[in-house]
*Asks:* 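The structure's right below; bear with me while I get my questions together.
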Amino acid sequence: MTDVTTAYADRAAEYAEALGSMDAVHPSDRQLVETWAANAPGRLLDAGCGPGHWTHHLCGRGADVRGVDAVAEFVAHARARYAGTRFDLESIEALSDADGALGGILSWFSTIHHAPAQIAAPLAEFARVLRPSGLLLLGHFHGERVESFDHAVVRAYRWPTAELTGVVESAGFATVETHLRTERGRRPVGAILCERV
């Protein structure tokens, strides 16, 4: 994933300016993430936190949460903008948390650049650090088939929600619910809420 990290590092400031605030968040996404956080049984991780706005938002709502990202420029931005919220430089494929230490993981579009042959790695890591009954909320781009596309930063993948759900379940999760949102002029997006078994 070095090419992905480099691509985001090169455009971190631009990305943070365009998308790095809660003002850029769709209201239904906000409600979904806030509900997930309220129901997760324990400490939370914003895995692939980017500019850090979700981590800070959840912290402001009283959650015990930290954000991690593999892009040093994102972590530096988040630390400077959101003092008092914890951010660490880590890959979502190699988290520092102990086995079963977390109650919830937000993976909000942080696996979209993993090819089908690679996506099992972060999912396995999420399963490792989540306690039984811990909740994973995974955001993704939805499509009629698994395929790559030219994302604004670097190549990404869209998945049929049902197919991605099967991959997530193979990693040790049980699906609680799925969501699909489509807007005119925008790519369809989905979210999978699942529980560590």
Side-chain angles (χ1 to χ4, degrees), residues 1 4 25-26 28-50 52-59 61-70 85-88 90-143 146 156-181 188-197:
M1 299 299 289
V4 174
V25 171
H26 193 281
S28 65
D29 292 346
R30 180 192 296 250
Q31 181 179 15
L32 181 60
V33 173
E34 289 177 352
T35 301
W36 155 82
N39 291 321
R43 288 195 295 117
L44 306 180
L45 178 71
D46 184 1
C49 65
H53 53 292
W54 274 117
T55 316
H56 177 70
H57 178 70
L58 294 171
C59 184
R61 291 176 59 84
D64 181 2
V65 58
R66 75 181 181 109
V68 301
D69 206 282
T85 303
R86 181 179 171 187
F87 297 98
D88 296 311
E90 291 181 21
S91 167
I92 63 172
E93 296 181 7
L95 299 169
S96 63
D97 301 277
D99 295 0
L102 301 178
I105 294 177
L106 176 64
S107 176
W108 203 242
F109 295 84
S110 59
T111 62
I112 61 170
H113 302 294
H114 285 76
Q118 301 170 325
I119 199 168
L123 294 176
E125 189 68 347
F126 297 161
R128 180 187 69 79
V129 300
L130 275 174
R131 67 185 58 173
S133 299
L135 296 176
L136 168 65
L137 181 59
L138 181 78
H140 68 97
F141 288 111
H142 174 81
V146 180
Y157 294 83
R158 56 174 64 97
W159 290 75
T161 298
E163 189 164 345
L164 183 56
T165 296
V167 175
V168 172
E169 290 178 347
S170 295
F173 294 92
T175 301
V176 176
E177 60 191 33
T178 61
H179 299 262
L180 179 63
R181 174 165 57 79
V189 296
I192 301 169
L193 176 65
C194 49
E195 182 180 73
R196 180 72 170 95
V197 296

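Computed from a prediction, not measured in an experiment: that's the story for all the values here.
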*Asks:* Can you tell me if CD on Q31 sees more than 12 non-hydrogen neighbours from other groups inside 6.0 Å?
*Replies:* no
*Asks:* Do S107 and L136 come close enough that some side-chain heavy atom pair is under 4.5 Å?
*Replies:* yes
*Asks:* How close do G103 and L130 get, heavy atom to heavy atom, and via which atoms?
*Replies:* C-CD2, 3.7 Å
*Asks:* Compare every heavy atom of E93 with every heavy atom of A121, then report the nearest pair and how far apart it is.
*Replies:* CB-CD, 4.0 Å
*Asks:* Atom CZ in F173, atom OG1 in T165: separation rounded to 0.5 Å?
*Replies:* 12.0 Å
*Asks:* Side chains of I105 and I92, heavy atoms from C-beta outward: is any pair under 4.5 Å?
*Replies:* no
*Asks:* Could you tell me whether the side chain of V33 reaches within less than 4.5 Å of the side chain of L58, counting heavy atoms only?
*Replies:* yes
*Asks:* Roughly how far apart are H140 NE2 and F109 CZ, rounded to 0.5 Å?
*Replies:* 7.5 Å
*Asks:* May I ask you to test the F126-L102 pair for a side-chain heavy-atom distance under 4.5 Å?
*Replies:* no
*Asks:* Determine the minimum heavy-atom distance between A40 and G104, stating which atoms define it.
*Replies:* CB-CA, 4.0 Å
*Asks:* Can you check whether A47's main-chain N or O pairs, donor with acceptor, with S110's side chain at less than 3.5 Å?
*Replies:* yes
*Asks:* Could you tell me whether the side chain of R128 and the main chain of L95 form a donor-acceptor pair under 3.5 Å?
*Replies:* yes
*Asks:* Where do R131 and P41 come nearest, in terms of heavy atoms and distance?
*Replies:* NH1-O, 2.7 Å
*Asks:* Got a donor-acceptor contact below 3.5 angstrom from the R196 side chain to the G100 backbone?
*Replies:* no
*Asks:* If you look at every heavy atom in L123 and A171, which pair is closest and at what distance?
*Replies:* CB-CB, 3.8 Å
*Asks:* Under the side chain to side chain contact (heavy atoms under 4.5 Å, CB included) criterion, do N39 and E195 qualify, and how do the steps go?
*Replies:* CA-CA 11 Å; N39 291 321; E195 182 180 73; over 6 Å; no
*Asks:* So, taking the atom named OG1 in T111 and the one named OH in Y157, what distance separates them when rounded to the nearest 0.5 Å?
*Replies:* 12.0 Å
*Asks:* Would you call E169 and T175 a side-chain contact if the rule is heavy atoms closer than 4.5 Å?
*Replies:* yes
*Asks:* Check for a donor-acceptor pair, side chain of D64 on one end and backbone N or O of R43 on the other, with a separation under 3.5 Å.
*Replies:* no
*Asks:* If you measure from OG1 on T85 to NE2 on H53, what distance do you get to the nearest 0.5 Å?
*Replies:* 13.0 Å
*Asks:* Rounded to the nearest 0.5 Å, what separation is found between the CG atom of L135 and the OG1 atom of T35?
*Replies:* 11.5 Å
*Asks:* On a heavy-atom basis, which atom in E90 and which in S96 lie closest, and how many Å separate them?
*Replies:* OE2-OG, 2.7 Å
*Asks:* Can you measure from SG (C59) to CZ (R86) and round to the nearest 0.5 angstrom?
*Replies:* 12.0 Å
*Asks:* As a test of understanding, state which of V68, T55, V65 forms a side chain to side chain contact (heavy atoms under 4.5 Å, CB included) with L45.
*Replies:* V68
*Asks:* Does the side chain of L137 reach to within under 4.5 Å of the side chain of W108, using non-hydrogen atoms?
*Replies:* yes
*Asks:* Could you check whether any side-chain heavy atom of D29 comes within less than 4.5 Å of a side-chain heavy atom of R181, counting everything from C-beta outward?
*Replies:* yes
